[in-house]
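Just below is one structure, and these are the notes that go with it.
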Number of protein chains: 2
Amino acid sequence: MKIQSFKFNERGLNRFFGPLEAKIMDILWSGEKSIKDVQQELEKEKATNFNTVMTVMNRLVEKGMLTKRPEGRTSFFRPVLTREEFLNTQSKEMTQELVDEFGSVAVSHMIEALDEADEALVAQLEQKIKEWKKDR
Amino acid sequence: MKIQSFKFNERGLNRFFGPLEAKIMDILWSGEKSIKDVQQELEKEKATNFNTVMTVMNRLVEKGMLTKRPEGRTSFFRPVLTREEFLNTQSKEMTQELVDEFGSVAVSHMIEALDEADEALVAQLEQKIKEWKKDR
DNA sequence: TCCTTGCATTACCCATTGTAGTGTTTAAAC
DNA sequence: GTTTAAACACTACAATGGGTAATGCAAGGA
């Protein structure tokens, strides 16, 4: 299942996940782990129930975000996409949707957004356009 | 209250609102209307309970999307922003968030998205960059 | 006075997310 | 081989957001 909602209010992974989900994804992007591993990691910051972690992790599997690899009695979980792949995918989809939905209005806003953000990004964009023209 | 979530799956206003909310906003963007006006408009397509419409409209007021103007026993509702203002605002916020969140990755995706969308948009973007450079 | 109209209050349903109790399986320890 | 504890399954509940609607009140007109 795909991510289907982007929250303006939040930051980082919390834009795509609930807060606990986000923490779990983050932990699993540091390597394959069992439920207990994750729970202990979370415990460092705040008392966390094992079953809570299990439930959320299993839901993430159902959503297609994690894979579950049983090994004996214990299962090990791993994100389907790397963090980079994930963010890349999301960014791409978002951008596509933005242009589909808003067309030329979005284009104006892109420049404005880049303007406030970083001069180097505009240069990069310019370069991209150059390449794009070559392929025509 | 601001819109705080953008749904990839949906189209148009349904990206920002629930389906009934979206229809109501749409109707109100054609002019100030009472609950009954809106309900009758909705009724044309599908049986619609008056109170359902009322509840949703009042929620839209709470969210800051509509203003309510009492006149005698009847209240009249009007969107706070015009459709154009609303879409413009959303597009701007989305774009800003995108750049904030993904930086240069987003830039690449912008071009790709434009590529698939429309050649004219790339030209527009190029023009925007030119203007941007002038202001430096 | 009584009925109709407009609205307020309140509620229930469903989905998502965070939370956690209870029950079951099974490997390992005794 | 029976007990125990770890891992897990199953289930449920709360909060939130959105769609739905019943009930009840208030005020104006017949």
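In this text the structure is predicted, and so the values were computed from the model without any measurement. So that the names make sense, note that chain A is the first sequence line, chain B the second, and so on, each numbered from 1. Below, all heavy atoms of this structure are taken into account, side chains as well, without hydrogens, waters or symmetry copies.
- Relative to the side chain of B:R73, the nucleotides D:dA7, D:dG28, C:dG18 differ in distance, and D:dG28 lies closest.
- Using bins of under 30°, 30° to 60° and over 60° for the plane-to-plane angle, the ring pair B:F16/A:F102 lands in the tilted bin.
- Dashed line: the shortest gap from a side-chain N or O of A:N58 to OP1 or OP2 of D:dC8 is not under 4.0 Å.
- Nearer the 5' end of DNA chain D, as judged by each residue's closest nucleotide, is the contact made by B:K7, out of B:A47 and B:K7.
- Residue A:K23 places no side-chain N or O under 4.0 Å from the OP1 or OP2 atom of C:dG18.
- Proximity note for A:P19 (side chain, C-beta onward) versus C:dC7, D:dA7, C:dG18: the nearest is C:dG18.
- Taking atom CZ on B:F50 and atom P on D:dC25, their separation rounds to 18 Å, with Å as the unit.
- Of the possible polar contacts, one joining the B:T48 side chain to the B:K46 backbone as a donor-acceptor pair under 3.5 Å is found.
- Between B:M110 and B:V99, the closest side-chain pair of non-hydrogen atoms falls below 4.5 Å.
- Residue B:K36 has no polar side-chain atom (N or O) positioned under 4.0 Å from OP1 or OP2 of C:dT5.
- Distance, A:M54 CE to D:dT11 P: 13 Å, rounded to whole Å.
- Spacing between atom CD of B:E62 and atom C1' of D:dT16 amounts to 14 Å, rounded to whole angstrom units.
- Salt bridge status for A:R69 with A:E71: present, with a side-chain N to carboxylate O gap under 4.0 Å.
- With B:E21 contributing its side chain and B:G18 its backbone, the two residues share a donor-acceptor pair below 3.5 Å.
- Residue contacts shown for B:T52 include a base, since a base heavy atom lies under 4.0 Å away.
- One interatomic measurement links the two molecules: CE of B:M57 to P of D:dA21, which rounds to 17 Å at whole-angstrom precision.
- B:N51 contributes no side-chain N or O that forms a donor-acceptor pair with the base of D:dT20 under 3.5 Å.
- Checked against C:dA8, D:dA9, D:dG28, the side chain of A:K68 finds its nearest nucleotide in D:dA9.
- The listed nucleotides are D:dA22, C:dT19, D:dT20; the one nearest the side chain of A:L20 is C:dT19.
- Regarding A:N49, its CG atom lies at a distance of 14 Å from the P atom of D:dC8, rounded to whole Å.
- Of the residues near DNA chain C, B:I35 and B:R59, the one whose nearest nucleotide (by heavy atom distance) lies more toward the 5' end is B:I35.
- Counting to the nearest Å, the P atom of C:dT17 and the CE atom of A:M65 are 11 Å from each other.
- Look at CG on B:L60: it is 10 Å from C1' on D:dG18, rounded to the nearest Å.
- The aromatic rings of B:F17 and B:W29 stand perpendicular to each other, their planes meeting at an angle above 60°, with 30° marking the opposite boundary.
- Out of D:dG18, D:dA9, D:dT20, the shortest distance to the side chain of B:K63 is found at D:dG18.
- If you check distances only, the side chain of A:T55 does reach the base of C:dA20 with a donor-acceptor pair under 3.5 Å.
- Comparing D:dA9, C:dG6, C:dG18 by their nearest atom to the side chain of B:T74 picks out C:dG6.
- Comparing C:dA27, C:dT19, D:dA7 by their closest approach to the side chain of A:K46 singles out C:dT19.
- The distance between atom CD of A:E10 and atom P of C:dG18, rounded to the nearest whole Å, is 11 Å.
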